[in-house]
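The block underneath contains the structure these notes are about, expressed in structure tokens.
Atom set for the values below is all heavy atoms of this structure, side chains included, hydrogens, waters and symmetry mates excluded.
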Amino acid sequence: MLLRRIGAVTAAVALTVTGLSVPGDASTAHGGAVIRRTEYGIPHIVAKDFTGLGYGYGYAFAEDNLCALADAITTVDGDRSRYFGPDADAGNQTVGPLRNIDSDVYHRAINASGVVPRTMSQPPPLGPTADVKDLIGGYVAGVNGYLAATGVSRLPDPTCRAKPWVHAITVSELESLLYEQTQFGGIGALQAQIANATPAAPTSSKLVVPDNADLGSNGIAVGSAGTAGGNGLLLANPHFPYLGATRFYQVQLTIPGVIDVTGASLYGTPLVEIGHTAGLAWTHTVSTAQRFTLYELHLVPGNPTSYFIDGRIVPMTTESISVPLADGQVTRTLYTSIYGPLVTWTPSTALAVKGVNVDNGRSTNEWLAMGRSTSVAQLRAAQDKYQGIPFTNTIAADSTGTAYYADSSVVPHVTDAQAARCVDSPLGKSMYPARTVLDGSISECAWGSDPDAIQPGIFGPSEQPSLSRKDFVTNSNDSYWLANPAAPLTGFPLIYGPTGTQRTFRTRLGLDIIDRRLHGTDGLGTPGFTVSSTQQALFTDRNLTAEMTRDAVVSLCGNEPALTVACHVLSAWDLRDDPRSVGAVLWRQFWLNAVKAPDLWLVPFDAAHPATTPNTLNTASAGVRKALADAVQRMADLHVPLDAPLSSAQYTLVGGPAIPVPGCTNPEGCFNIVTGQDAGTLGPDGRFAPVIFGSSFMMAAQLTPHGPVARTLLSYSESSNPDSPHHGDQTRLFAAKRWVTDRYTEAEILSSPNLSVRYLGF
């Protein structure tokens, strides 16, 4: 293996002699791979085949994030308790508090069941295609190639240097990690409940499911009628964790004449999941569709591990799961029904969970096919063929000026008519439609199917919400209903999410941002979206609730001297959540309590005006008045000046010492979401908890006739290694609201002043 830093001319010669031309020391039976890095360490991988492409990606990723990957592999191996202690937090931000021991029990049960190899060994299209298998195999070899060349004891990242939990990974371990990612919002959300369910300790039948309301994203696709150039444009703004394996990594993957895609993927994923090609750009947002249903089992009297189906007695199966500790082991018994694992018991009933993605081995096929697409039409064909997107909406735009939205995710086939028959208990009715609890004692309550579905039990493409437009489509984690308010989507099963219901302030702000940009009334130039105006629109950091109610709040001061200073601060506030903004800290302390007032609004929600209602703050509300007084008192108690700028309280430690960052929390009505574990409440030190979630990989891409023009930003940077030069470099850009110029073409890559090239042979 050879590392060279070379000039653009040398690079151009080396890479164009034979089309790919991986010369001399890098030539192998598979053609090897080339890793070219540009500014901020962004790798551009070139290879002759998918094995080589995977190898280059795995090697590059390991250079930047080997410790994070090793930690994720420890998770799916069920070995966290052995190395990190059974009671420590497992570090999974997407499932709420989770102890290592519960994570280990869950993952060891998954491994013991054999579900991952069964799923991944299905013939395509249900299982991975040959190209995907080559990518996975090459990626594993690349990670291990880096580890072998470097050595565990010489790893540059002190996080895992010489640690016993670092080892060469296997294809089966990476497949387990990919499988884990598909369970987001499904059975993966119930790890603790599955690991602890026992008939020996009946509990309340009301199952508490982790609330991922803030786990989401924004996506805007603009068509020919809405762009300055009459083509397509996309804004990708996923909100995801800053820690753990659900971070994004930016990369370009190229096999000349076969695939050329750039964007980002979750850690350990050997392909691009959000990004663009020469003629297509797409992103994802977490959809409101459900990823599992619960089944309420009617237990046999005196036998809590048997239940009735159509009058027959069916015994549960059991599995003894042992988790090794540093000084012993813990053994638990897990219970499974024909629907899936048990999650809770009462003396007469039990709940089992059936996940819709438990046999989804095709999601990687779909993302690879999307990465080879250059139009919305090709993307749609890929989604219809594989039907494997596990938990997200898709928002896309192409060079023809088509904007596209679909919730093409995998959804349990439960129609409203079936729910009316099968959600028949007090528990089920109390949870519906937010959660679907079906009667497990009746076989007709099993999931249905569609003729065009790739497998039984899910909705087919013809039944999925979708919309193509020439102006725009958008989603900010509300349901599909208002992808474009001019063409509301209705008539789909409630399991996809509700229509005619109140939208979040973030959705409303997004629609307002779009409307103002299309009409040129936002101060960002002439009407129509460009890459530049899209960047600015995201980072104006408007606070919608403040825009709607700040003046009314100020009127509350009246003759109350204690509030005079507070209202002066709010009056002068620029209504932004910029690090320099004075008033944003005070507003957050006020609003997060005020929004809980039952009589907050004078004008209630009106489904005929969903983008503007509810509105008009009820200044007579006792809850609103108390929230303002409490906010002032809270800041006084903490000795935080009422005119403290946002930068004094909001920061992230991901990327180095405290870095102030822009944005605000979801309830405030921001587009650029950032938050810590405190959800926006000032701590004893007078600051918010460090930001560990929010805007992550951001991309503004326009698909012009001359090729894509794009800007990107990865808020927590490419490397999790605290000693890497690319640990925090883009985080500082995020703090300054600066973007990275996307280098996609050969000319753009080779003109990078930071270009470095590594040739890999294996």
Side-chain angles (χ1 to χ4, degrees), residues 5-23 31 33-48 52-53 56-57 60 227-229 231-236 249-265 271-272 274-283 368 370-375 378-379 396-401 530-532 534-535 697-714 718 730 739-759:
R5 180 172 294 276
I6 60 180
V9 175
T10 306
V13 172
L15 294 171
T16 59
V17 171
T18 62
L20 167 65
S21 173
V22 184
V34 180
I35 303 172
R36 300 180 290 178
R37 290 186 184 265
T38 55
E39 291 92 327
Y40 306 100
I42 297 170
H44 307 257
I45 316 298
V46 187
K48 287 184 175 179
L53 196 64
Y57 190 4
T227 60
N231 38 49
L233 178 144
L234 182 92
L235 172 67
Y249 183 77
Q250 187 173 354
V251 67
Q252 182 174 0
L253 301 175
T254 304
I255 300 175
V258 178
I259 187 172
D260 192 6
V261 60
T262 187
S265 55
L271 38 76
V272 169
I274 292 175
H276 74 80
T277 64
L280 171 75
W282 80 93
T283 188
L368 181 58
M370 290 166 62
R372 300 173 75 168
S373 300
T374 57
S375 68
Q378 291 176 342
L379 178 146
D398 67 15
S399 58
T400 72
T530 64
V531 168
S532 176
T534 302
Q535 294 173 255
F697 173 69
M698 291 157 273
M699 179 180 73
Q702 190 161 5
L703 294 313
T704 78
H706 308 292
V709 176
R711 301 292 182 268
T712 64
L713 182 60
L714 187 61
E718 286 280 65
Q730 289 195 62
W739 295 63
V740 178
T741 298
D742 181 63
R743 295 186 181 275
Y744 178 73
T745 67
E746 281 295 292
E748 290 166 342
I749 295 168
L750 297 177
S751 65
S752 170
N754 300 90
L755 181 67
S756 68
V757 181
R758 181 189 289 271
Y759 302 106

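Residues passing the ring pair (Phe, Tyr, Trp, His ring centres under 6.0 Å) test with F697: none are found, sequence neighbours excluded. D260 is linked by a side-chain contact (heavy atoms from CB on, under 4.5 Å) to Q252, T254, Y744, counting only residues two or more places apart in sequence or in another chain. For T38, the side-chain contact (heavy atoms from CB on, under 4.5 Å) criterion is met by I42, H44, R743, I749, S752, L755, not counting sequence neighbours. Residues satisfying the side-chain contact (heavy atoms from CB on, under 4.5 Å) criterion with L703, sequence neighbours excluded, are A281, S399, P708. When the side-chain contact (heavy atoms from CB on, under 4.5 Å) test is applied to S375, the partners found at least two apart in sequence or on another chain are A377, Q378, D398.
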Candidate pair E718 and R37, rule salt bridge (Lys or Arg N to Asp or Glu O under 4.0 Å), full reasoning: CA-CA 11 Å; E718 286 280 65; R37 290 186 184 265; 5.5 Å; no

Worked check of side-chain contact (heavy atoms from CB on, under 4.5 Å) between V251 and Y57: CA-CA 8 Å; V251 67; Y57 190 4; 3.6 Å; yes

Pair I259-L53, side-chain contact (heavy atoms from CB on, under 4.5 Å): steps then yes or no: CA-CA 10 Å; I259 187 172; L53 196 64; 4.2 Å; yes

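With rounding to the nearest 0.5 angstrom, the CG atom of L235 is 8.5 Å from the CE atom of M699. Residue Q702 holds its CD atom at 12.0 Å from NE2 of H276, rounded to the nearest 0.5 Å. Taken to the nearest 0.5 Å, the CE atom of M698 stands 11.5 Å off from the CD1 atom of I274. From L280, atom CG reaches atom CE of M370 across 7.5 Å, with rounding to the nearest 0.5 Å.
Looking at V34 and I45, their side chains never come closer than 4.5 Å, going by heavy atoms from C-beta outward. For the pair R36/E746, a side-chain contact is recorded, criterion being any heavy-atom separation below 4.5 Å from C-beta on.
Q250 approaches P43 most closely through the heavy-atom pair O-CD, 3.3 Å. Across every non-hydrogen atom of V709 and V531, the tightest pair is O-CG2, 3.4 Å. Here the closest heavy-atom approach between residue N231 and residue P705 is recorded as ND2-CD, 3.7 Å. The two residues G232 and T227 have their closest heavy-atom pair at C-CG2, 4.3 Å. Closest non-hydrogen pair, L379 versus A396, comes out as CD1-CB, 4.1 Å. Considering all non-hydrogen atoms of both residues, A236 and T283 come closest at CB-OG1, 3.3 Å.
Every pair tested for salt bridge (charged side-chain N to carboxylate O under 4.0 Å, His left out) that includes a residue from residues 700-712 fails, sequence neighbours excluded, so the list is empty.
The closest side-chain donor-acceptor pair between T745 and E748 falls under 3.5 angstrom.
Looking at S265, its side chain does come within 3.5 Å of a backbone N or O of L271 through a donor-acceptor pair.
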